[in-house]
Amino acid sequence: MSVQDDLTAVQRCLDDLARSVGRLEQQLGTGGLEMRRVRTDADHLRESVALLRESAATPAGQRRPELVTIPDTPYDDSLWIDTDDEGLGARDRRAP
């Protein structure tokens with residue numbers, strides 16, 4: 001089986017799951033915590049498979065990692081005024 005065939009089979013199973021969860025919601029109601037969690041988990045699975053399908057459609061040679069630019073300029077010192085140096089002790093005392 002190819003990857004696309006496997007993804008299609010998974011999508012079919014998720015569609016069946018969504019229908020089953022819908023029937024359960026009709027019988028049990030949608031307000032309970034457990035039912036909301038099941039619905040949310042099923043939705044997350046659908047989103048994850050959609051992301052997987054997108055990544056499988058892109059050839060491996062064309063994938064580029066997302067780069068994060070880190071500026072060379074120093075951070076603004078005012079960001080650190082209200083923080084302590086955790087684990088290093090107080091600023092005006094020596095560590096034991």
Side-chain angles (χ1 to χ4, degrees):
M1 244 184 180
S2 72
V3 171
Q4 290 302 323
D5 292 340
D6 288 338
L7 285 171
T8 301
V10 168
Q11 187 64 51
R12 257 187 270 117
C13 291
L14 285 175
D15 292 341
D16 291 342
L17 176 64
R19 282 190 291 277
S20 298
V21 169
R23 286 191 300 267
L24 279 175
E25 283 179 326
Q26 289 175 350
Q27 294 172 3
L28 301 174
T30 59
L33 174 64
E34 296 83 5
M35 195 69 242
R36 288 193 318 247
R37 287 186 65 172
V38 169
R39 168 58 67 193
T40 302
D41 290 345
D43 291 342
H44 284 165
L45 279 172
R46 291 176 71 85
E47 293 170 10
S48 296
V49 169
L51 290 172
L52 188 59
R53 187 180 290 273
E54 286 176 19
S55 69
T58 306
Q62 294 180 354
R63 290 186 199 141
R64 291 178 36 166
E66 293 183 30
L67 300 178
V68 177
T69 304
I70 300 173
D72 291 334
T73 57
Y75 289 110
D76 182 11
D77 287 337
S78 66
L79 294 172
W80 316 114
I81 289 176
D82 61 345
T83 63
D84 289 328
D85 294 326
E86 294 181 18
L88 300 177
R91 296 175 198 229
D92 57 344
R93 291 183 275 154
R94 285 186 52 197

Please identify each residue that fulfils side-chain contact (heavy atoms from CB on, under 4.5 Å) with Leu33, with sequence neighbours left out. Arg36, Arg37
Filter on salt bridge (charged side-chain N to carboxylate O under 4.0 Å, His left out), then keep only pairs touching residues 69-81, sequence neighbours left out; what's left? none
Please name all residues satisfying side chain to side chain donor-acceptor pair (under 3.5 Å) with Ser2, sequence neighbours left out, ordered by chain then number. Asp5
For Ser48, what residues pass the side chain to side chain donor-acceptor pair (under 3.5 Å) criterion, not counting sequence neighbours? none
List the atom pairs, with distances to 0.1 Å, where a side-chain N or O of residues 8-16 and a protein N or O form a donor-acceptor pair under 3.5 Å, not counting sequence neighbours.
unit_1	atom_1	unit_2	atom_2	d
Thr8	OG1	Gln4	O	2.8
Gln11	NE2	Asp15	OD1	3.3
Asp15	OD1	Arg46	NH1	3.0
Asp16	OD1	Arg19	NH2	2.2

Only one of Asp6, Leu7, Val3 passes side-chain contact (heavy atoms from CB on, under 4.5 Å) with Leu52, and that residue is Leu7
Heavy-atom pair of closest approach, residues Leu24 and Met35: CB-CE, 4.1 Å
